[in-house]
Each structure stands twice: as C-alpha cells, then as structure tokens.
Amino acid sequence: MPKKQRIDKILSNLGYGSRSELKKFCKNGLVKVNGKTINNPGVQVDVENDEIIFDGEKVTYKEFIYLMLNKPDGYISATFDKRDPIVLDLIDKEDLVFEPFPVGRLDKDTEGLLVLTNDGQLAHRVLSPKKHVPKTYYAKIEGVVTEEDIKAFAEGVTLDDGYETMPAELVILKSDEISEIELTIHEGKFHQVKRMFESVDKKVIYLKRLSMGKLKLDENLALGEYRELTDEEVKMIEERD
C-alpha cells in the first residue's frame, strides 16, 4: 500500500462518495487534513500519520476488513447469485464499500462461522490445500453414530467420487436415532461433512460450523449478525493446535 494517496481516492475507497462528489465536498470545505481545509481533491495524504476530518468527523483509514458472520440457513456463500440471497446481503453498506468476499464457503443450508474479507492473500493462505487449516462442525445426524464411525473417520473414509479423506476427529455428543456430533476436518472438499457421513450410511440433517483454525464463532452473534475481527482473531484463522 502506498504511504501517500490522493485524498479523494482515500475517501472514495472508504465510501464517502464518488470522485466527482468528493470534488464538490472539498470545494464546500468539508475536508480537513491536520486542521487545514483541503479544497483540492488531488492533495496527497499520508494515510498512516495525517489526521483526516470529513464534515466534522475523524476518518479512520483501513486497507483491509475482516468480518465474522454467523451465517443463517438459506444464504449462498458468494458475491453474486441470480436466484438466491447471498451472504453479502447481510453486510451493512459502510462495510460493503471494502468489497469483502467469503473465505471459502458454507453450503446454502449450513449455518455458523463464515469469515469475509478483502484480503486476498489471507484468503489464499487459509484455503491453500497445503495449509490444512482445521474446521470444526456441530451436526445432527439421522442414524446412530458409533465408535466404528469414530475409527473410520480417524483413518479417513472414501467419498462417493473415490476421494480418500484425511484423518478427521469425530466426537459423539449424543448417540441415538438422531445423533449429535462434533467433527473436525483438515480439508474442504465439496459437501465434505455430508459426504463423509453418507460414506458410513448416515445423513446430516443439520450442520453448523463452529471454528476455523483457532477462531471460534462468537456465541453472542445471532444468526445473520456479524462483527469485525480483532487483530488477534485475524491471526487465529490460520493457527492450528
């Protein structure tokens, strides 16, 4: 990121208006840098050290945004879809200006932790097959989950397309006609959790992601709610135990 940028570019990126609108705002005296009114929208500003005031309020510059969303059922993990609502529909306008996108995906009917960011390098690292970032899910399963399933998952199971999964950690919370489990996987194949249970003749009827790396879903977030991650939490996305 260049240390100095045009004031109109900075404010435009933060959603304060288009370049043409900001030109008018500058002429009307709404923009100040270090206490001085800026009439020229092309003035170069140090985004890290200069104080920017827009219409009496201090402007906080940030290049990247990191959001934790408690994804509800019915939303597509994408930036565009012709038919269904997308997770970006849940994001406020002031955060959408950063053009965040989902890091990986959750199925339409899957709830829980979804990270959105505009930091492409972080997303690439987290999603890299070599990284094996662990992801933990809570699920309700149609069928009695057994110790045999724990052993099978620990060794890796064969999916319907012949793919052999990496070892996964299955914890049984309740074993009954409708079982409850937690499952930690270290890869992200399409519909992986559902297909793993299909491989042992069981069906996932509810699925929720609880964590990515060491980052855990904030239990205070209701379905559809989101918040910014702290700097510490951003690091946790890539961390493994």
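Residue numbers run from 1 in the order of the sequence given.
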Taking [atom1] in [X] as the centre, count heavy atoms belonging to other residues, nucleotides or ligands within less than 6.0 Å. Is the count above 12?
X: K32; atom1: NZ; result: no
X: K62; atom1: NZ; result: yes
X: K23; atom1: NZ; result: no
X: E99; atom1: CD; result: no
X: H191; atom1: NE2; result: yes
X: E219; atom1: CD; result: no

Nearest heavy atoms of [X] and [Y], plus distance in Å:
X: P85; Y: G74; value: CG-O, 3.4 Å
X: V126; Y: M212; value: CG1-CE, 3.6 Å
X: I65; Y: E228; value: CG1-OE1, 4.2 Å
X: L113; Y: M68; value: CD1-CG, 3.5 Å
X: L229; Y: L67; value: CG-C, 4.3 Å
X: L11; Y: I52; value: CD2-CG2, 4.3 Å

(request) Indicate yes or no for a side-chain donor-acceptor contact from N39 to the backbone of C26 under 3.5 Å, with no hydrogens or angles considered. (result)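 Judged by distance alone, yes, a pair lies under 3.5 Å.
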(request) Mark yes or no for whether N118, through its side chain, and F98, through its backbone, hold a donor-acceptor pair below 3.5 Å. (result)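 The answer is yes, because a donor-acceptor pair under 3.5 Å joins these two groups.
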(request) Mind telling me whether Y138 and Y206 have parallel, tilted or perpendicular rings, with 30° and 60° as the class edges? (result)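 Judged by the thresholds at 30° and 60°, the geometry between Y206 and Y138 is perpendicular.
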(request) Look at the side-chain heavy atoms of Ile, Leu, Val, Met, Phe, Trp and Tyr, link any pair under 4.5 Å apart, and say whether L210 and M236 land in one connected group. (result)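 As far as the 4.5 Å side-chain criterion goes, M236 and L210 are not connected within one cluster.
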(message) Does any part of the side chain of V45, heavy atoms only, come nearer than 4.5 Å to the side chain of Y61, both counted from C-beta?
(response)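 Of all side-chain heavy-atom pairs linking V45 with Y61, none is under 4.5 Å.
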(request) Measure the shortest side-chain to side-chain distance between V87 and L116 over non-hydrogen atoms and say whether it is less than 4.5 angstrom. (result)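 V87 reaches L116 side chain to side chain.
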(message) Just verifying a value: how many Å separate Y66 OH and L122 CG, rounded to the nearest 0.5 Å?
(response)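 Here the interatomic distance stands at 6.0 Å.
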(message) Regarding Y137 and Q192, do their side chains bring together a donor and an acceptor under 3.5 Å, going by distance alone?
(response)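 Note: Y137 and Q192 side chains miss the donor-acceptor criterion.
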(message) Among D160, T158, V157, exactly one meets side chain to side chain contact (heavy atoms under 4.5 Å, CB included) together with R195. Which residue is that?
(response)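 So, applying the side chain to side chain contact (heavy atoms under 4.5 Å, CB included) to R195 and each of D160, T158, V157, only D160 qualifies.
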(message) Among D149, V204, I172, exactly one meets side chain to side chain contact (heavy atoms under 4.5 Å, CB included) together with I141. Which residue is that?
(response)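 It is V204; the other options fail the test.
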(request) Indicate yes or no: does D161 engage K189 in a salt bridge with an N to O separation below 4.0 Å. (result)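 No, D161 and K189 are not salt-bridged.
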Distance-only donor-acceptor pairs under 3.5 Å for side chains of residues 89-96, two or more places apart:
from	atom 1	to	atom 2	distance (Å)
D89	OD2	I86	N	3.0
D92	OD2	Y226	OH	3.3
D95	OD2	Y226	OH	2.6

